[in-house]
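Working notes for the structure below.
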Amino acid sequence: MIKSLRGMNDILSEDYERFTYFIKIATNVAQRYGFHFIETPLLEETALFKRSVGESSDIVGKEMYQFIDKGDNDVCLRPEGTAGVVRAFIQKKLDKAGGIHRYFYHGSMFRYERPQKGRLRQFHQFGVESFGVDSVYEDAAMIMMVSDILKELGIGYRLQLNSLGDNNCMPSYRTKLINFVKECKDDICKDCTRRLDTNPIRVLDCKNEKCQTLYKNAPKLLNCLCDSCEDDFTSLKKILQNNGIEYEIDTNLVRGLDYYSKTAFEFVSDNIGSQSAIAGGGRYDKLVEFLDGRPTPAVGFAMGIERLMELIVMPKRSREGYYIGAMDEEAIDIVMSLAHKKRKTDKVIIDYKAKNFKNHIKNADKVGVKYFCIIGSNEIQSGNITIKNLDDKTEQIIKHEEF
Ligand code: HAM
């Protein structure tokens with residue numbers, strides 16, 4: 001038997017209901033914030049992710065589904081959504097047009113990670129990207145949007161917040177950090193030794209306990225921010241406080257993608273095990289320029305749908321639609337015509353075989369319809385149909401033409 005690949009799941013039945021329910025809620029919230037849908041290809045040039053997510057990141061360095069296609073192009077399945085949206089934004093010359101552009105998207109992302117609970121190789125994200133707003137109010141709006149979506153889904157969370165500085169303050173901080181880590185370089189793990197050359201900031205979220213102990217007294221970026229970054233971070237915290245959004249400051253939150261500056265945030269859940277990040281995002285003011293567009297401030301986030309599906313509190317399902325069953329062979333044609341008519345406006349489930357009342361009502365109950373009708377020789381002769389409401393158990397008799 002051929003099975004799905006490791007870390008790649010089918011979504012069906014109850015899971016599919018959760019999935020579509022999530023998309024519905026998240027889409028509604030994003031539209032309320034003035035965001036528009038965007039769809040970008042699953043396959044992009046590998047160079048796009050190398051330049052944006054960064055060659056030193058685990059995502060690009062270890063986890064890409066990368067191959068040479070039949071036309072000799074170096075391509076890969078997208079590991080995340082931001083890079084493709086930025087490419088589309090520049091390709092459509094929206095950077096040159098100026099103004100504010102806000103997009104949301106959802107779809108499959110691919111990362112060749114070691115699969116475990118909550119960590120897949122093909123997973124789904126819901127994300128938003130906002131271009132053209134440099135105000136920190138937009139950063140706050142992103143966080144509020146995630147919070148609104150999670151609240152509507154009945155999901156509790158902890159919000160972790162950090163500022164990654166900008167081109168003014170980050171370089172001198174980086175030098176300070178490198179000097180600090182070099183002091184203990186004989187004791188740090190292999191990954192951190194590599195990071196020291198490629199992307200020193202990433203040492204801060206090393207999962208190795210020994211490294212974490214060594215870095216306890218490392219210089220904190222939050223203490224080294226320039227005035228503009230400091231002001232923005234202070235404003236952001238104030239806006240969140242004013243709007244009742246609680247947060248924790250995590251000075252080690254650096255995110256796994258290289259394009260961030262200033263605001264970085266992650267939403268975590270304590271109820272899904274070790275893969276606890278349910279959403280993450282931040283500001284990336286340099287990325288549009290870095291991908292050859294006109295300098296454009298930008299901020300966004302993405303949520304991991306599979307992780308959220310574990311946590312969603314589904315609303316009580318209400319009965320909907322009709323079940324029409326035939327009692328005799330000769331009634332099947334009528335059932336089919338009635339269903340065809342009714343399906344213009346309602347959901348209708350039918351069975352192509354004649355059955356007795358007991359079997360039909362059992363089927364109707366199983367598929368969760370609200371109205372139940374059966375057609376037998378009596379109904380054919382009288383031209384009437386009895387419609388039973390399975391919620392309140394009332395009955396109504398109408399003519400076939402009125403159905
Ligand atoms: P990210 O933090 O890499 O950010 O991913 C966002 C979310 O996707 C995570 O918080 C997690 O819930 C989910 N996720 C990531 N990897 C996996 C996996 N292997 N299996 C299941 N779920 C996973 C980004 O992707 C950025 N593009 C977010 C962003 C948008 N920043 C600015 N705009």
Side-chain angles (χ1 to χ4, degrees), residues 6-9 11 19 22 26 30 35 38 40 44 48-49 52-54 57-60 62-65 77-87 89 101-131 133 138-139 141-143 145-146 149-150 153 155 157-160 162 164 202 205 253-269 271-288 297-312:
R6 234 183 125 214
M8 299 199 173
N9 289 346
I11 303 177
F19 187 90
F22 169 80
F35 283 68
I38 184 170
T40 65
E44 297 268 6
L48 173 66
F49 300 105
S52 54
V53 177
S57 68
D58 282 354
I59 296 176
V60 170
K62 301 181 190 166
E63 298 168 359
M64 296 235 279
Y65 278 88
L77 287 169
R78 62 180 183 193
E80 58 102 51
T82 309
V85 176
V86 174
R87 182 208 37 73
F89 174 77
H101 304 266
R102 296 188 171 107
Y103 300 105
F104 72 91
Y105 52 89
H106 48 81
S108 290
M109 307 293 156
F110 302 83
R111 296 183 191 175
Y112 197 84
E113 297 197 71
R114 200 167 41 79
Q116 65 174 87
K117 186 174 176 295
R119 187 159 71 194
L120 296 161
R121 287 180 173 167
Q122 178 174 2
F123 60 98
H124 296 79
Q125 280 185 349
F126 178 92
V128 316
E129 314 295 348
S130 157
F131 299 99
V133 190
E138 189 76 348
D139 307 36
M142 296 290 128
I143 291 174
M145 210 192 298
V146 180
I149 294 171
L150 295 176
L153 296 168
I155 299 175
Y157 64 80
R158 279 188 297 116
L159 164 62
Q160 299 174 332
N162 195 16
L164 297 176
R202 290 299 316 270
D205 78 342
L253 176 72
V254 293
R255 312 269 303 125
L257 309 96
D258 287 356
Y259 46 64
Y260 295 107
S261 55
K262 294 194 171 179
T263 307
F265 60 87
E266 245 169 44
F267 284 74
V268 296
S269 162
N271 301 316
I272 44 169
S274 66
Q275 299 305 304
S276 59
I278 48 179
R283 186 160 273 285
Y284 53 94
D285 288 344
K286 292 280 165 251
L287 186 54
V288 175
V299 57
F301 70 79
M303 314 179 79
I305 303 182
E306 278 81 359
R307 293 184 190 172
L308 294 166
M309 276 160 61
E310 297 252 323
L311 299 163
I312 294 175

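Just follow the structure's listing: the first ligand is 1, and inside any ligand the first atom is 1. Numbers here simply count residues along the sequence, with the first being 1.
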Review point. Can you list the steps and then say if Phe89 with Glu129 is a side chain to side chain contact (heavy atoms under 4.5 Å, CB included)?
Key: CA-CA 10 Å; Phe89 174 77; Glu129 314 295 348; over 6 Å; no
Record the part of [X] in heavy-atom contact with ligand 1 below 4.0 Å; permitted values are side chain, backbone, both and neither.
X      : value
Arg119 : both
Phe267 : neither
Ile278 : backbone

Revision key, fill the gap. Ligand 1 to Gly280, heavy atom cutoff 4.0 Å, flagged ligand atoms 10 (O), 28 (C), 29 (C)
**Study point:** Contact atoms of ligand 1, heavy-atom distance to Glu80 under 4.0 Å
**Key:**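 Matching atoms, with element in brackets: 25 (O), 26 (C), 27 (N).
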Check your understanding: Backbone N or O of Ser274 within a donor-acceptor pair of the Lys117 side chain at under 3.5 Å?
Key ->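 No, Lys117 side chain to Ser274 backbone: no donor-acceptor pair under 3.5 Å.
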Check your understanding: Are the side chain of Arg307 and the backbone N or O of Ala277 linked by a donor-acceptor pair below 3.5 Å?
Key -> yes
Which residue from [options] reaches closest to [atom] through any of its heavy atoms?
atom                    : options                        : result
atom 10 (O) of ligand 1 : Ser57, Gly281, Ala279          : Ala279
atom 15 (C) of ligand 1 : Gln116, Arg283, Arg111         : Arg111
atom 29 (C) of ligand 1 : Phe126, Phe265, Tyr112, Tyr260 : Tyr260

From [X] atom [atom1] to [Y] atom [atom2], the distance as rounded to the nearest 0.5 Å:
X      : Y      : atom1 : atom2 : answer
Met303 : Ile149 : CE    : CD1   : 4.5 Å
Leu253 : Tyr260 : CG    : OH    : 9.5 Å
Asp58  : Glu63  : CG    : CD    : 5.5 Å

Point to revise | Within 6.0 angstrom of Tyr112 OH, more than 12 heavy atoms from elsewhere | key: no
Any nitrogen or oxygen of [X], main chain or side chain, under 3.5 Å from a nitrogen or oxygen of ligand 1?
X      : value
Gly304 : yes
Phe301 : yes
Phe123 : no

Review point. Could you go step by step and tell me if Val299 and Thr263 meet the side chain to side chain contact (heavy atoms under 4.5 Å, CB included) rule?
Key: CA-CA 9 Å; Val299 57; Thr263 307; 5.7 Å; no
Point to revise | Intermediate values then yes/no, side chain to side chain donor-acceptor pair (under 3.5 Å), Thr82 and Tyr284 | key: CA-CA 10 Å; Thr82 309; Tyr284 53 94; 5.3 Å; no
Considering only protein heavy atoms, which is closest to [atom], and at what distance to one decimal place?
atom                    : result
atom 26 (C) of ligand 1 : Tyr259 OH, 3.3 Å
atom 6 (C) of ligand 1  : Gln125 NE2, 3.3 Å
atom 21 (C) of ligand 1 : Gly118 O, 3.3 Å
atom 33 (N) of ligand 1 : Glu129 OE1, 2.8 Å
atom 4 (O) of ligand 1  : Arg255 NH2, 3.0 Å
atom 30 (C) of ligand 1 : Thr82 OG1, 3.0 Å
atom 9 (C) of ligand 1  : Ala277 O, 4.1 Å
atom 19 (N) of ligand 1 : Glu113 OE2, 2.7 Å

Check your understanding: Is the distance between the ring centroids of Phe22 and His106 under 6.0 Å?
Key -> no
Review point. What class does the angle between the rings of Phe267 and Phe265 fall in, given that below 30° is parallel, 30 to 60° is tilted and above 60° is perpendicular?
Key: perpendicular
Review point. Where is the tightest heavy-atom contact between Phe126 and Val128, given as atom of each residue plus distance?
Key: CE2-CG1, 4.0 Å
